[in-house]
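Whatever order the structure lists them in is the order used to number ligands and atoms, beginning at 1. Because the structure is a prediction, the values reported are computed rather than measured.
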Amino acid sequence: MSELVFQTITELSGRLATGEISSAELTRTFIARTKSLDQRVHAFNSFDAGDALAQAVASDERRAAGQSRGPLDGIPVGLKDVIAVTGQPLTASSRMLANFVSPYDATVTARLKQAGAVLWGRLNCDEFAMGSSTENSAFGPAANPWDLARVPGGSSGGSAAAVAAGEAVATLGSDTGGSIRQPAALCGVVGLKPTYGLVSRYGLVAFASSLDQIGPMTRTVEDAAIMLGAIAGHDENDSTSYRSQIPDYRAELKRRPGPWRIGLPREYFGEGLDPEIGAAVEQAVAFYRAQGCEVKPVSLPHTPYCLDTYYIIATAEASSNLARFDGVRYGHRSKDAKDAVDLYFKSRSEGFGPEVKRRIILGTYVLSSGYYDAFYLRAQKVRTLIRRDFLKAYEEVDALLTPTSPVPAFKLGEKSDPLALYLCDIYTIGVNLAGLPAISVPCGFTRAGLPIGLQLIGQPFQEADLLALAHVYERAHDWCRRRPAFAAVASSG
Ligand code: GLN
C-alpha cells in the first residue's frame, strides 16, 4: 500500500493506462489510508468517500471506453478548503462557514473535473488562509508528517501534509504571501505559486484579491507541471485572469535545458536564516554552478519593507472581502441578536477566530479616513517599488534563488506571538507583492530530519522556464523519494 500512495501522477497514470490498477482501487487505497492515519495528521477537514469512489468508477468506465482524458484521469487530488466544489462543504477552516455547502464549482475545480481527476477531500488550513502554521484552523491544527509534534506550515498546511503523508497524490493550495511555498518547504513537497492572473480565482474564498493565487502541491516538479497545465488559463469569471496561450508545461520541461543566469538576492541571505537551511541552499547554488549556470549576487533593496507593505495591503483587502460575512445571507448567524446591527456584531464576533479579527481590525484601520493616505496609499507605492526591484534584477538574470523559509518546521504552539509567525514569510511575500511565479522544491533535510525547501522565482508568465529550472535540480537529487518514518509505520500497521 505504501508503494502506491507515494507514487507520482506520472507513475500512477502509467499504471492506470496499462490496466495494472484501476482508479477505483487507487481511490479506495487513499480512503483507507486517510481513515487510518488522518486522526493524527488532520490534513483533512472532511472527505466524501462515496462521492470520490463514484468519480473513480466513472473514470474507469471512460478509460474502458477508450475515452481517457489524460494524465490526471482517475488520480485522487485534494483541494484546500477554500476552493469551492459543488455539493461539498466549503469552510475556510472557520466557524463562520462551518455548515456551508458550496452551490457551485470554482473554475479550478471544474477544470480538474474536466481533466478527469478524482476530487478527494477538503484540506485543512489556517482560517481564511491567514497564518503560517495551520494552527489558526477553527477545527484544530494539522501536524507535520515528518514530526507530528511540529506544524506543517501554512496556510495550506493540510494540502502539504496530505501529499507528504501519502493521503493524496497531489493537492491544490492558495498563496497570498507564501501559503503554498512555505508549507511545501516544511513538509518536503513541491509547491508552485503561479504568476498573478495565470490561474482563475473564481470560486476561491477571497482573502486579499490582488495577491491570492491558486497553485499545485505535488511530489515532483513534473507533477506540478501537469497540474498547472490543467488549471491555468483565461476565465471570463475572473477579470484579472490573463489571456495567453498555455504551453504544454510538461513537454516544455525537456525542451528548456538552460543554462540560466541565476541571481542570489543579498537581502534573502542575512540575519534570521537558519544555518542548516543556508548550507543546503548553498549546495543547490553549487549544483547550478556545476551545470554551467552563471550565478551572481543581486539586490532587491526594498525587501526590508515587504512585510509591512504586505500586512497593510493584505489586511485592507481582507477587511473588505470579509465584510460579506454578515450573518444574513450565508455563514454563521447568531441566535440571540436583538436587531440588525446586533446580528452583524454577534454573528461576526462568534464566527471569526482571533487572527481573522485582528486582520479585519488592522485592515479597517489602515483604510479609514485620515489613515488611508498614510498607510494604504503609501503601501501601494512601496509595492510598486518592490515590483520594480524584481524587474530590474531580471535585466541581469533569468531567475532568482533563495531559501523558501528562514526556519524548518517548528513545534506546535511554539510561536504564540503573531509577529513571530509573520516573520516566517519574509522570503515568500515579496513574490506576491510583485505578482511573480515561484516554486519551492525540496533541497535537503536538517540533522533532526526536517525537510528544507529551495525557492526559485521566475519572470511573469514564464512558468515553463521556472519549472524546467526546478526540474534540472530535482532530477539530480533524490529528496522527493524520501518518506517520513511515521508514514511508513502508519501503513504497515
Ligand atoms: N502567512 C501569510 C499570512 O498569514 C500568508 C498567508 C497566505 O499566503 N494565504 O497572511
Shortest non-hydrogen contact from P103 toward T86 =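 That would be O-CG2, 4.0 Å.
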ask   = Which pair of heavy atoms, one from V205 and one from A92, lies closest together, and at what distance?
value = CG1-CB, 4.3 Å
With heavy atoms under 4.0 Å as the rule, classify the contact between [X] and ligand 1 as side chain, backbone, both or neither.
X	answer
Y422	neither
S155	side chain
T176	both

Per-atom contacts of ligand 1 with Y310, taking only distances under 4.0 Å to non-hydrogen atoms =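 Counting atoms of ligand 1 from 1, those under 4.0 Å from Y310 are 2 (C), 3 (C), 5 (C), 6 (C), 10 (O).
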note = Across all chains, not counting sequence neighbours, the ring-ring contact (aromatic ring centres under 6.0 Å, His included) partners of Y372 are Y376
key: Between F207 and F128, ring centroids under 6.0 Å   =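 Here the rings of F128 and F207 have centres that are no less than 6.0 Å from each other.
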ask   = How far is atom 7 (C) of ligand 1 from its nearest protein heavy atom, and which residue and atom name does that atom have?
value = S179 OG, 2.4 Å
inquiry  = When you compare the side chains of Q213 and R201, does any donor N or O come within less than 3.5 Å of an acceptor on the partner?
reply    =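 No, no side-chain donor-acceptor pair sits under 3.5 Å.
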Close N or O approach ([X], ligand 1; < 3.5 Å):
X	answer
G131	yes
S132	yes
D175	no
M130	no
F207	no
K80	no

query = Side chains of L112 and L172: does their closest heavy-atom pair fall under 4.5 Å?
reply =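 The answer is yes, as the side chains (C-beta and beyond) meet within the 4.5 Å cut-off.
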query = Under 4.5 Å between any side-chain heavy atoms of F269 and P403, yes or no?
reply = yes
Does [X] come within less than 4.0 Å of ligand 1, judged by its heavy atoms?
X	value
A314	no
Y311	yes
R359	yes

query = Taking NZ, NE, NH1 and NH2 as the nitrogens, is one of them in D175 or R181 under 4.0 Å from a carboxylate oxygen of the other?
reply =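 So D175 pairs with R181 through a salt bridge.
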remark   = Only residue of T404, T428, T402 satisfying side-chain hydrogen bond (donor to acceptor under 3.5 Å, both in side chains) with Q455 is T402
